[in-house]
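Below is one structure, written out as structure tokens; the observations come after it.
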Amino acid sequence: MVMSEQIVFLNGKYLPLSEARVSVLDRGFVFGDGVYEVIPAYGGRLFRFDEHLRRLQASLDAIRLNNPYTAADWLDILTSLVKSDGPGDQSVYLQLTRGVAPRDHAFPDAVQPTVFAMANPQPAPQPDLLEHGIAAVSLPDSRWQHCNIKSIALLANILLRQQAMDEQAMEAILIRDGLVTEGAASNVFIVEQGRIKTPLKDAHLLPGITRDLIVELAQANQIPCDETHLSEAQLIGADEVWLTSSTREILPVTTLNHQPVGNGRPGPVWQKMYTIFQAYKTTLRNPA
Ligand code: PDD
């Protein structure tokens, strides 16, 4: 083992990444039969851990997979990984699959889930992206009817993101029946006449932890914020468009479908919310 090799968690053991092995019959590998979470860790502290764990449980319940660990077990496992990965901001990835069994679509009897977790450095948002914003394209939402489950089966999301990249954009904003759902790996906000708007949570989008926090922070700071249906026309005509996720925080979209959003620069409401978000992170780093 190389001295500085990353330590990961697999099925109850901590081991070097290069020694972590899963069977080719794992249902995650064969079917994409599993769920996952991505949790930021700022200054060694897991960010919104309870909320991420609640969403994990909801995903597990939706696919009828038992959670082998208590919240205290998870905290212990994930904190150990964050500590072993050294200083600096990190992002924890965890996934559970329906375990190893002969290939058959129906659930196997009495199989142990496969549990894997790792922590990776999470670089601060790139100053260039914050200064200039990013490009996005709107695309038809080709995914299934259960996008609220954080499934490891991400083929549709991958194809959509790649289609955006092929068009020199960093994200695809997805449209179902004329309404905005979310990004390929992010939630979407717009600003219209000073009001923040984001789609209502339903089975067509992931209930983003960052999304929920922004709604909460907007309310706490008296910034008008609506959870509502958003049409594609509203998206295209918006003064500001933002994307949110655990790894990208809040990014301004300044080009949509190759046209400028508003005046083509990150907007004042984004700037305000970004500042509030960073201040909130700092309070977690330095508990009173
Ligand atoms: N993705 N919607 C989708 C489809 C996502 O994949 C993600 C995050 C989000 C934002 O959720 P949150 O704020 O809880 O990160 C919304 C993660 C980061 C990923 O797959 O890497």
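Every number for a ligand or one of its atoms is a count from 1 in the order of the listing.
- There is a side-chain donor-acceptor pair under 3.5 Å between T70 and D73.
- Residue contacts with ligand 1, taken as heavy atom pairs separated by less than 4.0 Å, do not involve Y93 at all.
- With ligand atoms numbered from 1 in the order given, ligand 1 contributes 10 (C), 13 (O), 15 (O) to contacts under 4.0 Å with heavy atoms of S245.
- Of all atoms in ligand 1, listed by their number and element, those nearer than 4.0 Å to a heavy atom of R55 are 11 (O), 12 (P), 14 (O).
- Heavy-atom contacts of G208 reach the following atoms of ligand 1: 11 (O), 12 (P), 13 (O), 14 (O) (cutoff under 4.0 Å).
- Scanning the protein for heavy atoms near atom 19 (C) of ligand 1, the closest one is Y36 OH, 3.6 Å.
- Regarding atom 1 (N) of ligand 1, its nearest protein heavy-atom neighbour is K150 NZ, 3.3 Å.
- Under a cut-off of 6.0 angstrom, the local environment of OH in Y93 is crowded, with over 12 non-hydrogen atoms contributed by other residues, nucleotides or ligands.
- Exactly one of D33, V115, T114, I63 qualifies for a side chain to side chain contact (heavy atoms under 4.5 Å, CB included) with L96. That residue is V115.
- Every atom of ligand 1 with a heavy atom of S246 under 4.0 Å away is listed here by number and element: 12 (P), 13 (O), 14 (O), 15 (O).
- Only the side chain of V38 comes within 4.0 Å of ligand 1, counting heavy atoms alone; its backbone N, CA, C and O stay farther away.
- Closest to atom 6 (O) of ligand 1 among all protein heavy atoms lies A185 CA, 3.4 Å.
- Remark: minimum distance from atom 18 (C) of ligand 1 to any protein heavy atom is reached at T247 OG1, 3.7 Å.
- Considering only heavy atoms from C-beta on, S151 stays 4.5 Å or farther from H146 through its side chain.
- Residue V8 comes nearest to A20 through the heavy atom pair CG2-CB, 3.7 Å, listed as atom of the first residue, atom of the second, then distance.
- Taking the side chain as every heavy atom from C-beta outward, L17 and E5 approach each other to under 4.5 Å.
- Residue E182 holds the heavy atom nearest to atom 3 (C) of ligand 1 of all those in H52, E37, E182.
- If you check each of N148, L243, N187 against atom 10 (C) of ligand 1, the one with the closest non-hydrogen atom is N187.
- The closest approach between any non-hydrogen atom of R248 and ligand 1 is not below 4.0 Å.
- Nearest protein neighbour of atom 13 (O) of ligand 1, counting heavy atoms only, is T210 OG1, 2.5 Å.
- A donor-acceptor pair shorter than 3.5 Å cannot be found between the side chains of S91 and N120.
- Judged purely by distance below 3.5 Å, without hydrogens or angles, the side chains of N187 and W242 never pair a donor atom with an acceptor atom.
- Atom CG of L60 is separated from atom NZ of K150 by 13.0 Å, given to the nearest 0.5 angstrom.
- Within the 4.5 Å cutoff, the side chain of D212 has heavy atoms near those of the K201 side chain.
- Only the backbone of A184 comes within 4.0 Å of ligand 1, counting heavy atoms alone; no side-chain atom from C-beta on gets that close.
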